[in-house]
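What you see below is based on every heavy atom in this structure, not just the backbone, and it leaves out hydrogens, waters and symmetry mates. Throughout, a chain's letter reflects where its sequence line sits, starting with A, and its residues are numbered from 1.
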Protein chains: 2
Amino acid sequence: MQIDAVDQRIIALLVADARASYADIGTRVSLSAPAVKRRVDRLRAAGVIRGFTAVVDPAAVGWTTEAFVELFCAGRTTPTQIGVAARRHPEVVGAYTVSGEADALVHLRAADISHLEEALERLRAEPFVTSSRSTIVLSRLVESPGVGPSHTG
Amino acid sequence: MQIDAVDQRIIALLVADARASYADIGTRVSLSAPAVKRRVDRLRAAGVIRGFTAVVDPAAVGWTTEAFVELFCAGRTTPTQIGVAARRHPEVVGAYTVSGEADALVHLRAADISHLEEALERLRAEPFVTSSRSTIVLSRLVESPGVGPSHTG
DNA sequence: CATGAAACGGCAGCTTG
DNA sequence: CAAGCTGCCGTTTCATG
């Protein structure tokens, strides 16, 4: 799909504030509100914009404990398999296949240490997991939602 | 601040769709639209809801390359220092202090390998960084925005 | 551009500490 | 008695065919 400079600016504005009105965005990109809506509809249909979400302070909602878990998997494990398994656990907020020693890196978020431990045990119980190495998050310094700030090209 | 069950449901609905109308949310939580708005305003003022953002397909916008970088820091480095430094680099989408060997874990997202390399060099040039260990992301299996799915309490 | 819907502010009633 | 939360209704702004 074709994304021009105006699309980029609209995306940036929506990443900054997903509840901005089309009219407001239109003012900033020198377009009418309906024109903006058409572009947003098109970007959504094309999958460029996947959706709109609220960014919540995890501590305020009670999910205060995080960890990154390196997963070592059995020889014939596919990324798809790992992805499907990861999605089964609601504590998983991110999962990636990676280069290096481990096969995958899983980002967990739980209510507390015991919840985290329980999730970890469930994850390690997946048949393809041969071993794992956990790293507890002590503090969150940065966490950007969306795609990342400003220069999106 | 006090967050009751209705707040939780409103938050969950906004995480699922940040552009949902107050009337629509009100219908689902058995409240009027103005009542919902007041709660959302209160949650935003309290910092529980940090904002609303569009979730964008990174590939579509050109940021296709990711890495996790373990940072080893000089003896007297504070989390605040690391956070401030991390925020200076637009490629940083997440940063955490962690237990284990490394002092911090930084999540980078860039346009391509050379952009990633350039960002990595910039990051390693921070005065407090003594060494680093990078792990390139081969594929993204899961990535949830917001605070994580469903059971938020 | 025109219509219908949504957001937003003010006001009054109800419950709770 | 004070404070907080709610619903209703006004006007203004926005969404959308």
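- Residues of residues 18-31 of chain B that place a heavy atom closer than 4.0 Å to DNA chain C, in numerical order, are Ser21(B), Tyr22(B), Ala23(B).
- Taking 4.5 Å as the limit, some side-chain heavy atom of Val106(B) sits within range of a side-chain heavy atom of Leu108(B).
- Atom CZ of Arg44(B) is separated from atom C1' of dA7(C) by 14 Å (rounded to the nearest Å).
- One finds a salt bridge joining Arg109(A) and Glu143(A) here, because a Lys/Arg side-chain nitrogen approaches an Asp/Glu carboxylate oxygen to under 4.0 Å.
- Base engagement by Arg38(B) is indicated by at least one non-hydrogen atom pair under 4.0 Å involving a base atom.
- Comment: Arg19(B) does not engage Asp24(B) in a salt bridge, judged by the lack of any side-chain N to carboxylate O separation of less than 4.0 angstrom.
- Distance CZ (Arg42(B)) to P (dG4(D)): 11 Å, rounded to an integer number of Å.
- Under the 6.0 Å distance and 45° angle rule, Arg124(A) does not count as a cation-pi partner of Phe72(A).
- The distance between atom CG of Asp4(B) and atom C1' of dT16(C), rounded to the nearest whole Å, is 14 Å.
- Residues His107(B) and Phe68(A) keep their aromatic ring centres 6.0 Å or farther apart.
- Dense packing is recorded around CZ of Arg122(A), with more than 12 heavy atoms of other residues, nucleotides or ligands lying under 6.0 Å away.
- When distances are taken from the side chain of Lys37(B) to each of dG7(D), dC8(C), dT16(D), the shortest belongs to dC8(C).
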